[in-house]
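What follows is one structure encoded as structure tokens, with my remarks underneath.
Computed over heavy atoms, backbone and side chain alike; hydrogens, waters and symmetry mates excluded.
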Amino acid sequence: MSAGQDEQVLEKIVERVRTNVRAAGIPITDDDIQGMIDKGFLANVVAFEAIAAQTPTDLIPDYLKGWGEDGAPPAPTAAAPAGSAERAPATEREPGYETLTEVAARLRTGEVSPVELTQQALDRIAERDGELNSFQLVLADGALAAAREAEREIAAGNWRGPLHGVPVAVKDLLAMKGTVTTAGSKILADWVTDFDAAAVERLREAGAVIVGKTRMSEFAYSPGSNNAHYGPTPNPWNREHDSAGSSSGSGAAVADGMVYGALGSDTGGSIRMPAGVCGIVGLKPTFGRVSLYGAVTLSWSLDHLGPMTRSVRDAAAMLQILAGHDPRDLRARAVPVPDYSAQLDAGVAGLRIGVLREDGSGMPLGTDEALAAWRAGLAALERNGAELVEIDIPEMQALRVLNSAIIAMEAATYHEPNLRERLDDFGDFMRHRVLSAYGYGPLALVKAQQARAALRRRLDAIFERVDLLSTPTLPYGAPRLGDPSRNTVFTSPFNALGWPAITVPVGRTAERLPLGLQLAGRPWDEVTVLRAAAVVEADGPWPGGKP
């Protein structure tokens with residue numbers, strides 16, 4: 001469309017917003033309308049109108065596709081014979097900055113105690129969190145009690161696995177019995193639950209020590225750490241820069257050495273973006289792999305839950321605990337859960353890695369620094385026997401638009417009662433972003449799901465040519481503090497597709513801001529995604545050490 005046509009469409013959308021919010025009984029002002037326009041939130045509605053106009057009406061919507069019913073994990077790609085490819089040793093990290101699986105080995109033998117580790121974590125939080133604002137709630141007494149219990153069990157020979165006695169954190173949209181779950185909002189500031197989220201249950205069953213709940217952007221609806229109620233989370237590598245969102249606190253806490261791992265949620269990249277800019281590993285599993293029971297919703301059809309860790313092996317260990325069917329969440333599919341660590345050292349010889357060349361935006365893929373770091377990670381894969389295949393995916397631009405549209409409409413559905421009754425209790429960014437959903441037409445959600453189904457079917461064919469896809473995680477290093485910028489450009493398409501995706505560090509900018517490489521794979525094939533990420537981690541330029 002021309003600029004003049006865009007203006008006409010925008011005027012129509014603004015009028016639609018006014019009509020729809022009036023019908024919903026939401027008391028917005030002209031300032032709210034202008035805020036939506038100034039922040040660019042209605043631009044996505046304009047872009048969606050063009051996609052909807054080109055989508056056939058007789059398509060089965062995506063929500064009627066039986067996610068996982070045809071989703072048995074694919075047969076593993078043949079692994080390279082042991083020792084067939086040389087791999088450089090992993091960069092050594094700073095002493096005292098062990099990974100989760102490294103410290104787990106010492107816990108099991110009694111070389112270190114869970115109580116000692118937990119106290120160290122609490123001390124580190126007390127020392128650093130005043131600067132980083134990464135914790136919403138610290139659970140010192142409960143954590144020490146859990147650590148003492150873990151110590152007794154391990155001493156008695158009842159070792160539960162690699163998370164037993166390890167200090168971890170959870171994002172503050174996951175219910176924990178007897179604690180407040182704010183989801184980064186003022187509206188839920190006093191919401192105390194009498195139950196645990198499924199992911200919290202699984203961590204407890206594994207013997208993990210949950211030391212606290214981490215900061216996040218309001219209701220998880222920002223790709224930056226900006227939060228009108230609790231403030232932003234500075235990046236531990238450079239506090240003038242952002243930790244990204246919405247799992248900002250989890251990313252900063254793991255990167256800074258406060259905890260060995262943390263849980264994040266990911267609707268447009270909210271695990272991978274903070275992990276990428278904080279120099280850690282972040283894994284978004286296949287949609288339906290991990291139960292979201294007990295998690296505050298942003299978008300029912302796009303939310304994912306996964307681990308944020310210091311190493312790929314740690315991510316595999318945490319996913320092993322989190323993955324599995326849960327009848328309380330219809331999204332959590334009953335598909336087999338493989339051993340995620342079994343093939344981590346299998347190498348990538350023979351794997352075909354699709355390297356993104358064109359993404360449909362007409363924009364450069366990233367800054368020179370981000371692209372150089374990405375190519376260094378790709379070179380590590382190639383040195384270890386993978387074949388790099390350049391591939392154009394112009395559909396990524398439409399997937400970005402659809403992902404944003406679906407989030408907006410589902411989020412507005414979830415929040416409408418509070419938009420009607422407590423509008424002023426939303427921060428400006430969250431309020432204006434969720435209100436932009438009222439600019440979509442009455443058929444928009446079905447049209448979006450139809451278009452998504454068509455794109456997913458088309459893009460499934462990519463795996464006839466390649467085994468994995470790779471992009472930069474973000475097109476740059478961490479933006480300035482509180483700036484959400486264009487963080488989701490490479491992450492959100494894989495939420496729309498539901499494919500598993502991971503970020504692994506591959507370098508730093510001149511300002512010492514971490515840069516990441518993203519790998520995405522077939523649905524349910526996290527094994528191959530992890531296996532390739534492990535090669536990048538071992539052979540690529542790892543940022544290393546505490547910030």
Could you verify whether a donor N or O on one side chain and an acceptor N or O on the other, from [X] and [Y], lie under 3.5 Å apart?
{"X": "Tyr476", "Y": "Asn487", "value": "yes"}
{"X": "Ser341", "Y": "Gln320", "value": "no"}
{"X": "Lys284", "Y": "Thr503", "value": "no"}
{"X": "Asp314", "Y": "Thr101", "value": "yes"}
{"X": "Ser134", "Y": "Thr233", "value": "no"}
{"X": "Ser265", "Y": "Lys171", "value": "yes"}
{"X": "Ser246", "Y": "Ser270", "value": "yes"}
{"X": "Lys447", "Y": "Thr55", "value": "no"}
{"X": "Thr528", "Y": "Asp525", "value": "yes"}

Given 3.5 Å as the limit, does a donor-acceptor pair link the side chain of [X] with the main chain of [Y], or not?
{"X": "Arg272", "Y": "Thr491", "result": "yes"}
{"X": "Thr471", "Y": "Leu356", "result": "no"}
{"X": "Glu369", "Y": "Ala510", "result": "yes"}

Next item on the list: Check the pair Glu526, Thr286 against side chain to side chain donor-acceptor pair (under 3.5 Å), reporting the backbone distance first and the verdict last.
Entry: CA-CA 7 Å; Glu526 294 91 356; Thr286 306; 2.9 Å; yes

Check: Can we call the ring centroids of Phe463 and Trp499 under 6.0 Å apart?
Finding: yes

Checklist line | Pair His432 and Phe41, ring centroids less than 6.0 Å apart | finding: no

Inter-residue atom distance [X].[atom1] - [Y].[atom2], 0.5 Å rounding:
{"X": "Leu530", "Y": "Glu537", "atom1": "CG", "atom2": "CD", "answer": "10.5 Å"}
{"X": "Ile13", "Y": "Asn44", "atom1": "CD1", "atom2": "CG", "answer": "9.5 Å"}
{"X": "Tyr221", "Y": "Asn227", "atom1": "OH", "atom2": "CG", "answer": "15.5 Å"}
{"X": "Leu399", "Y": "Ser492", "atom1": "CG", "atom2": "OG", "answer": "8.0 Å"}
{"X": "Asn495", "Y": "Asp303", "atom1": "CG", "atom2": "CG", "answer": "8.5 Å"}

Next item on the list: Would you please test Asn235 and Ser243 for side chain to side chain donor-acceptor pair (under 3.5 Å) and show each step?
Entry: CA-CA 4 Å; Asn235 192 298; Ser243 286; 4.6 Å; no

Any salt bridge between [X] and [Y], counting N to O under 4.0 Å?
{"X": "Arg431", "Y": "Asp32", "value": "yes"}
{"X": "Glu49", "Y": "Arg16", "value": "yes"}
{"X": "Asp62", "Y": "Arg452", "value": "yes"}

Next item on the list: Any salt bridge (charged side-chain N to carboxylate O under 4.0 Å, His left out) involving residues 391-406? Give me the pairs, sequence neighbours left out, ordered by first then second residue.
Entry: Arg357-Asp392, Asp359-Arg400, Glu395-Arg458

Side-chain atoms of residues 295-302: list all donor-acceptor pairs with protein atoms under 3.5 Å, sequence neighbours left out, distances to 0.1 Å.
| from | atom 1 | to | atom 2 | distance (Å) |
| --- | --- | --- | --- | --- |
| Ser299 | OG | Glu410 | OE1 | 2.6 |
| Ser301 | OG | Glu410 | OE1 | 3.4 |
| Ser301 | OG | Glu410 | OE2 | 2.9 |

Check: Can you tell me if CG on Asp368 sees more than 12 non-hydrogen neighbours from other groups inside 6.0 Å?
Finding: no

Under 3.5 Å, sequence neighbours excluded: what are the donor-acceptor pairs made by side chains of residues 346-353?
| from | atom 1 | to | atom 2 | distance (Å) |
| --- | --- | --- | --- | --- |
| Arg352 | NE | Asp467 | OD2 | 3.3 |
| Arg352 | NH1 | Glu464 | O | 3.3 |
| Arg352 | NH1 | Arg465 | O | 3.1 |
| Arg352 | NH2 | Asp467 | OD1 | 3.4 |

Does any part of the side chain of [Y], heavy atoms only, come nearer than 4.5 Å to the side chain of [X], both counted from C-beta?
{"X": "Met430", "Y": "His415", "result": "yes"}
{"X": "Trp374", "Y": "Val355", "result": "yes"}
{"X": "Pro285", "Y": "Leu319", "result": "yes"}

